[in-house]
Structure formats: structure tokens, C-alpha cells
Amino acid sequence: MSKILITGGAGFIGSHVVRLFVNKYPHYEIYNLDKLTYAGNLENLKDIEASENYNFIKGDIVDQDFVQELFQAHKFDSVIHLAAESHVDRSISNPTEFIFANIVGTVNLLNVAKSIWDEDGNNIFYHVSTDEVYGSLGNEGLFEETTPYDPRSPYSASKASSDHLARAYWHTFNVPIKISNCSNNYGSHQFPEKLIPLMINNIQHNKSLPVYGAGENVRDWLWVVDHARAIDVVFHNGKIGETYNIGGHNEWKNLDLIHLLCDIMDEKLAREEGTSRELITFVKDRAGHDMRYAIDSSKIEKELGWIPSITFEQGLEQTVDWYLENKEWLDRVTSGAYQEYYSAQYQ
Ligand code: NAD
Ligand code: DAU
């Protein structure tokens with residue numbers, strides 16, 4: 001196994017996966033295929049772009065002919081598929097874009113894998129997915145691999161659909177798939193429309209901190225590098241046709257997390273204690289807002305020996321430091337198209 005196509009490698013999680021594979025496996029040839037949407041940024045990979053085993057291809061997985069020609073030309077051994085529209089709020093304002101990128105894009109990749117790979121060819125089609133496919137939890141319980149699907153936003157419905165299609169291609173055509181469903185990621189290089197980098201960015205600029213509804217919703221946070229490590233483990237040691245849940249046993253109510261971030265930022269920016277909390281503004285709730293996500297990751301822990309490598313306190317501190325040290329990155333990605341979208345939402 002030597003030629004691996006990683007889709008969405010210029011995005012947040014994808015860039016961490018590309019970095020890990022390029023550095024850890026110098027004998028693999030890594031091809032990063034990315035459309036470079038607002039969320040994709042080659043600056044995320046500056047540190048490895050000159051590596052001999054790294055290649056970048058700009059392209060759109062929705063373009064069936066392009067995907068077919070690319071596979072014909074390169075004969076990839078395996079695919080790690082992360083490319084997607086990933087932001088729930090955007091899926092509420094523009095669902096169709098998510099259907100194309102997340103469903104049609106995945107089917108295009110599955111179709112070429114089906115037509116090009118031999119059944120005994122030692123290939124892997126690894127589909128990277130989300131815990132949101134399982135729906136929303138009440139106060140109790142955890143998402144298990146066997147939890148019935150109940151997606152409730154256009155984003156999660158599109159990811160659920162792509163999961164089902166990946167499984168269908170395994171059962172029907174023997175395309176050798178693996179799937180993982182992960183909880184909320186945080187860390188460096190995340191586009192600042194997602195909760196944690198949005199709050200850090202707004203606190204820095206003394207802008208209001210929009211809390212949806214009462215801030216009671218719960219998310220289960222995992223450091224992105226630990227997600228990339230889990231993807232590495234599932235890719236190499238996970239069973240074909242299987243699903244693995246990935247999560248950090250780290251549930252936070254949104255408002256508690258925002259308070260924590262405000263306090264860390266006050267300290268880092270040498271502001272008087274409580275200053276950043278004053279920026280908190282309760283805004284209209286997200287339509288169909290899922291109440292609670294929480295992952296049972298015992299299968300990957302027991303079967304593949306993966307566990308998170310750092311605590312949330314360590315990860316959050318590193319993350320805050322990264323955004324404070326990379327103000328230019330933040331300023332660049334928040335200029336232009338993003339500003340227009342953000343202004344339309346909140347001003
Ligand atoms: P992201 O939005 O940061 O990055 C997505 C990347 O995909 C971008 O680089 C973008 O340019 C690229 N892309 C989008 N449409 C494309 C297309 N049509 N053709 C080629 N490239 C395209 O997303 P992320 O947060 O890094 O998520 C990556 C994957 O992981 C997604 O599949 C997402 O569903 C899944 N996931 C994310 C989280 C999370 O917390 N962010 C958690 C679990 C699973
Ligand atoms: O669970 C995994 C999923 O986590 C991934 O599949 C998605 O790609 C990723 O975007 C993320 O989805 P969420 O909707 O949970 O993440 P987001 O950062 O958008 O929101 C986290 C919580 O914070 C959610 O309850 C909504 C709330 N929120 C979010 C924003 C952006 C706010 O209260 N205010 C905000 O401004």
C-alpha cells in the first residue's frame with residue numbers, strides 16, 4: 001500500500017491527517033485532493049509542502065469526470081475521504097451545497113474505487129464521518145456504533161447518507177470500506193466559524209460572543225491531533241466493513257466552555273478577570289439544535305488500543321496559544337467571503 005489519496009486535506013482535520021501521514025510514513029505517496037473552498041487553506045500545510053512524498057491536487061469531488069480521470073491517472077491504492085461541507089449553520093442556510101459535496105462527491109469516489117480496484121487488491125476506502133448521524137441525546141446515554149441513525153440537520157443528513165452509501169458499496173460491490181464517526185474536534189487551523197476558534201477570535205477583537213439559545217447544549221470535545229491518530233490506527237488496523245466511534249469522554253455545556261475560554265483569554269491577554277465574559281450575548285437558537293452529543297469510544301479503545309494522548313486542559317491551552325501566535329492566519333481566513341457570510345448572520 002503506497003499511494004494514498006486524502007480528500008479535504010487542506011481543511012482543518014484533513015491537514016492534521018496529511019501532516020501525520022506525510023511525516024510518519026515517508027514510504028507512502030500522499031496525494032491531497034482539495035477544492036480549496038473557504039474552509040480549505042494550503043497555508044495549513046506549509047510545514048510539509050516541500051516533503052518528497054507529498055503532492056497537492058486542486059479539484060472538486062463533485063466533478064465525476066475529473067475524479068474518474070484522476071484515479072485512472074494515479075491508480076491510488078487507498079482513499080481517506082474527509083472532503084465535505086462541514087458547518088451545520090451553513091447547511092441550514094444552503095442545504096443543496098451539502099448534498100452535492102457530501103453525497104454526490106462521496107458516490108463519485110466510491111464509483112471509481114468500485115470500477116478500478118480488484119476485489120483482492122488490498123485497498124481501503126476510509127470514509128471519515130461524524131457522531132451527528134446518530135441524532136441528539138437526552139441527559140443520559142452515549143452514542144454507540146449500533147445506535148440507530150437519526151440525523152436532524154441537512155449537514156448530518158448528508159453525512160448519514162454518505163455513510164449508508166459507503167456501507168452499501170461494501171455489501172453490494174465489495175468496495176473495502178472503513179468508517180469512523182467522531183465527536184467535535186478542536187485545535188489549530190480550525191476555521192473560526194466553529195465554536196472554539198470563533199470565541200477565541202471574537203474575544204481577541206472585543207466582539208460579542210454569540211451563544212445560541214441558553215447555551216445548555218452539550219458537545220464532546222476531542223483534540224484534532226488525537227482524531228488524526230485515531231484515523232491512522234483505524235486505517236492500518238481497523239477491520240474492513242467496520243465502523244469505529246471516536247471521542248474524548250469530554251462533555252461540556254456550551255456556556256461552561258465559553259466561560260472557561262473567556263477566563264483563559266483574560267489571563268493570556270492580561271485583562272482584568274471577568275472582562276471577556278461581558279462579551280457574551282445570547283442569540284436566537286440554531287434551528288433544530290441538537291441538545292447533546294456524547295461518544296462511547298470503547299470499541300476503538302479495546303480493539304485497536306487508541307486513547308486520547310492529552311487532557312482537555314492541555315489541548316485547550318495549546319489551542320488558545322496557537323491562535324494567539326497566528327493572528328495573521330486568523331485575519332487572512334476571516335477576510336473576504338467569510339466576513340460577508342458572518343456579517344449577514346449576526347449584524
Ligand atoms: P473543513 O470544513 O475544515 O474542511 C473540509 C475540506 O474539504 C476543505 O479543505 C474544503 O476545501 C474541502 N472540500 C469541500 N468540498 C469539496 C469538494 N467538493 N471537493 C474537494 N474538496 C472539498 O472540515 P473538517 O472540520 O476538517 O471536517 C473534515 C471531515 O471530518 C468532514 O467530512 C466532516 O464531516 C468530518 N468531521 C468533522 C468533525 C469536526 O468536529 N470538525 C467531527 C467529526 C467528523
Ligand atoms: O459532532 C461533530 C460535529 O461537530 C462535526 O461533524 C461538524 O462538522 C462540526 O462543525 C461540529 O458541529 P457542531 O454544530 O457541534 O459545532 P459548532 O462549532 O458549530 O457548534 C458547537 C456548539 O456551539 C453547538 O451546540 C452550537 C453552539 N454555537 C456554535 C456557534 C458557531 C454557539 O452557541 N454559538 C456559535 O456562534
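Whatever order the structure lists them in is the order used to number ligands and atoms, beginning at 1. Everything numeric in this text was worked out from a predicted model, so none of it was measured.
- The pair Glu43-Lys46 does not count as a salt bridge, with every side-chain nitrogen at least 4.0 angstrom from each carboxylate oxygen.
- Per-residue contacts place Gly59 under 4.0 angstrom from the following atoms of ligand 1 (heavy atoms of the residue considered): 19 (N), 20 (C).
- Residue-to-ligand polar distances keep Val62 apart from ligand 1: every N/O pair is separated by 3.5 Å or more.
- Taking a cut-off of under 4.0 Å to the non-hydrogen atoms of Thr130, the atoms of ligand 2 that pass are 1 (O), 2 (C), 3 (C), 5 (C), 6 (O).
- The N/O atoms of Ala101, backbone and side chain alike, include none that comes under 3.5 Å of an N/O atom in ligand 1.
- Between Asp220 and Arg292 no salt bridge is recorded (no basic side-chain N to carboxylate O distance below 4.0 Å).
- Distances from atom 16 (O) of ligand 2 to the heavy atoms of Ile295, Asn184, Leu195, Asn254 put Asn184 nearest.
- Against a heavy-atom cut-off of under 4.0 Å, Glu193 is close to the following atoms of ligand 2: 31 (C).
- Contact analysis puts Ala10 in contact with ligand 1, with a non-hydrogen atom separation below 4.0 angstrom.
- Between Tyr38 and ligand 1, a contact under 3.5 Å exists for no N or O pair.
- At least one side-chain heavy atom of Phe21 sits under 4.5 Å from a side-chain heavy atom of Ile4.
- Ionic pairing of Asp232 and Arg229 is not present here: no N-O contact between side-chain nitrogen and carboxylate oxygen is shorter than 4.0 angstrom.
- Any N or O atom pair closer than 3.5 Å counts here, and Arg219 shares at least one such pair with ligand 2.
- The shortest N or O to N or O distance between Leu82 and ligand 1 is below 3.5 Å.
- With His236 as the fixed residue, the ring pair (Phe, Tyr, Trp, His ring centres under 6.0 Å) test singles out one of Trp306, Tyr25, Tyr126: Tyr25.
- Closest to atom 1 (P) of ligand 1 among all protein heavy atoms lies Ser86 OG, 3.5 Å.
- Looking at Ser129 next to ligand 1, no N or O pair under 3.5 Å apart turns up.
- With ligand atoms numbered from 1 in the order given, ligand 2 contributes 1 (O), 2 (C) to contacts under 4.0 Å with heavy atoms of Asp131.
- A salt bridge links Lys253 with Glu216: the closest approach of a Lys/Arg side-chain nitrogen to an acidic carboxylate oxygen falls below 4.0 angstrom.
- Under a 4.0 Å criterion applied to the non-hydrogen atoms of Ser86, ligand 2 contributes the atoms 7 (C), 8 (O), 9 (C), 10 (O).
- Put simply, the residue from Phe312, Trp322, Trp252 that forms a ring pair (Phe, Tyr, Trp, His ring centres under 6.0 Å) with Tyr186 is Phe312.
- Salt-bridge formation is detected for the pair Arg152/Asp290: a Lys NZ or Arg NE/NH1/NH2 atom is positioned less than 4.0 Å from an Asp or Glu carboxylate oxygen.
- A centroid separation of less than 6.0 Å is found between the aromatic rings of His74 and Tyr31.
- A salt bridge links Arg90 with Glu193: the closest approach of a Lys/Arg side-chain nitrogen to an acidic carboxylate oxygen falls below 4.0 angstrom.
- Between His227 and ligand 1, no pair of N/O atoms sits closer than 3.5 Å.
- Heavy atoms of His289 approach ligand 2 to within less than 4.0 angstrom.
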